[in-house]
Amino acid sequence: MALHDIGRNTEREPETAETAAAADDIAGPARTTWLEVSLIVPLGAWLAWQAWGVDWTTLGWGALFFVSCIAAVDLIPIPAWEDVELSLSFPIMIGVAMLYSPPIAGMIAIVGSSDIHELRHERPFLRSVWNRSQMALAVIAGSGVFHQLTDVHARWWILVPAALGATIAAYAINAILVALHAALQHDLTIRHVLRKMHGSRPVEFLLSYIGLALFGVVIARFFIEEGAWSVVVFLAPLVFARQMYFQSRVMADRLAGQNELLTAQAERLAHLLRKESATVDQLRELNRMKGEFVAVVSHELRTPITAMIGYAKTLRQPQFADDPVLREEFLERLERQGNRLVGLVENLLTASRLESDQLSISVGRVLFEDLCRETVEGMGTDAGRIVTTVPDDIPVLRTDRQLLGRILSNLLDNALKYSPEEATCELGARAENGDLVFWVQDDGIGIEPDQIARIFERFYQVDSSSTRRFRGAGLGLSMVRDLARHLGGSVEVVSAPGRGSTFTVRLPMQAPAEAVAG
Ligand code: ADP
């Protein structure tokens, strides 16, 4: 198609070429039909009336040649680039407008113009006839203007401005009709469509059509002076150059797109690399902590075992056989070291089960006061340092007794450990809003504010050096936090260096369903 191509980008209006094609397939709304009919009918009638008076024998093969030329050029698919399509049938139409009278030029345009969609029956019949008719009208206007100004034999300084006048008239008629049609079809204003038609590169668009008008002059003069073959020789390289030009621009765009994609992918890779290296750093830190943990745990295991072996050896000595008081004292020390060992191993087992999500819970009735008494007694000789202020009206809990006991013993163990030898600590509790709230308060060494956020991390110890004062594997508080969560609760700490710490645990009276299932 020729002039109609000028506005082809307008038909992409809905958003994309595909949606426009779909809009084409469904015959346009009814309001475009009257526009189509009101152009086609009078134009057809006028052309038929004009055809009546034409002496066809005087036309010769020229008209047929131009019909074939326009059809052939139109059927070569043009790669669209940024919505600009350069129509080469346009200069032929301008040549035709210069060579023939308006009705003959109109007839050549209406017969010659074709479209690949038309041949594939992808466009409704009425729409195809409309396309051809509006093109014919544009060529008729161009021819009318040109013949008003001069004829094809005029000198070039008259010919060129007249051809430009014809081009402007043809272009204006075509643009207005295409815009009107698209505006009605997609319910837009004509101004909006016209702006869209010339949108992305208006200057390039205009220059290309003025250039094509000059080609029209050349085609008309070549035809008159050299014959049809010269037009073919002129057009063939032009068509080839056009194909190459658009193809290369499409390729350049595609390359630019791929370049952008590659840049984006490179950025993503760099981002992933940064994340990866952060993960590696984390893993390295974890590895370091695990190594440290193994050293700490080995030390923690060796100390009571060495002590126990020492006590056992001492007890075997004959002088102890007759001293029941000393025997009793050593046996008690042996038991205490054994309990310490059991506590540590239990902590390790619980931590490992928590980590692998295999910690089973057995919910039962728990009298908190009883559990506190039992746990305090389990602290051995240090039990006397614990002041218990648990009221006896705490409702019966439905939770896991053993796990709650581990929370209590870990907190009490820390409170005693991080306080001076003779200092006491308090274990208190109250019922609050349907929850059990209990706390372990000491007047010990306290915790630096910047350490508070880290003490609940697994393996973390404020002082993990080999010369540290306090025993421990860095597992106690992480387990307290995990167990409290497991039983549906939470733990908080308030502490100041040198002024002691208070660890407060809040638990529901009834362990939640998922914890029970867990
Ligand atoms: P650890 O086996 O070292 O006691 P925890 O996980 O129980 O490990 O505690 C982590 C760290 O928190 C300890 O190394 C200690 O520095 C600090 N901490 C815990 N409880 C107390 C407390 N009651 N008073 C002061 N510091 C405490």
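Whatever order the structure lists ligands and atoms in, that order sets their numbers, starting from 1.
Distances shorter than 4.0 angstrom occur between a heavy atom of Gly446 and an atom of ligand 1. No heavy atom of Phe456 sits closer than 4.0 Å to any atom of ligand 1. Ligand 1 is never approached by Gln451 to a heavy-atom distance shorter than 4.0 Å.
Counting only heavy atoms from C-beta outward, the side chains of Leu483 and Arg406 approach each other to under 4.5 Å. Thr303 is listed as a side-chain neighbour of Arg340, based on a closest heavy-atom distance under 4.5 Å.
For Arg454, the CZ atom counts as densely surrounded, since its 6.0 Å shell holds more than 12 non-hydrogen atoms of other residues, nucleotides or ligands.
The residues Arg506 and Glu432 are annotated as salt-bridged, a charged nitrogen and a carboxylate oxygen being separated by less than 4.0 angstrom.
Remark: Arg333 qualifies as a cation-pi partner of Phe330 under the 6.0 Å distance and 45° angle criteria applied to the six-membered ring.
Using a 30° and 60° split on the angle between ring planes, Phe456 and Phe503 fall in the perpendicular class, above 60°.
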Assess the residue pair Gln337 and Glu332 against the criterion (side chain to side chain contact (heavy atoms under 4.5 Å, CB included)); give the C-alpha distance rounded to whole Å, side-chain angles, the decisive distance to 0.1 Å, and a yes or no.
CA-CA 9 Å; Gln337 293 298 343; Glu332 201 231 88; over 6 Å; no
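Only the side chain of Asp442 comes within 4.0 Å of ligand 1, counting heavy atoms alone; its backbone N, CA, C and O stay farther away. Contact annotation: for Leu477 versus ligand 1, heavy atoms closer than 4.0 Å belong to both the backbone and the side chain. Residue Met479 does not touch ligand 1, judged by heavy-atom distances below 4.0 Å.
Near Ile447, the atoms of ligand 1 lying under 4.0 angstrom from a non-hydrogen atom of the residue are 25 (C), 26 (N), 27 (C). Residue Lys417 has at least one heavy-atom neighbour below 4.0 Å for each of these atoms of ligand 1: 1 (P), 2 (O), 4 (O). Under a 4.0 Å criterion applied to the non-hydrogen atoms of Gly476, ligand 1 contributes the atoms 5 (P), 6 (O), 7 (O).
The nearest non-hydrogen atom to atom 7 (O) of ligand 1, considering only Val480, Leu416, Asn414, comes from Asn414.
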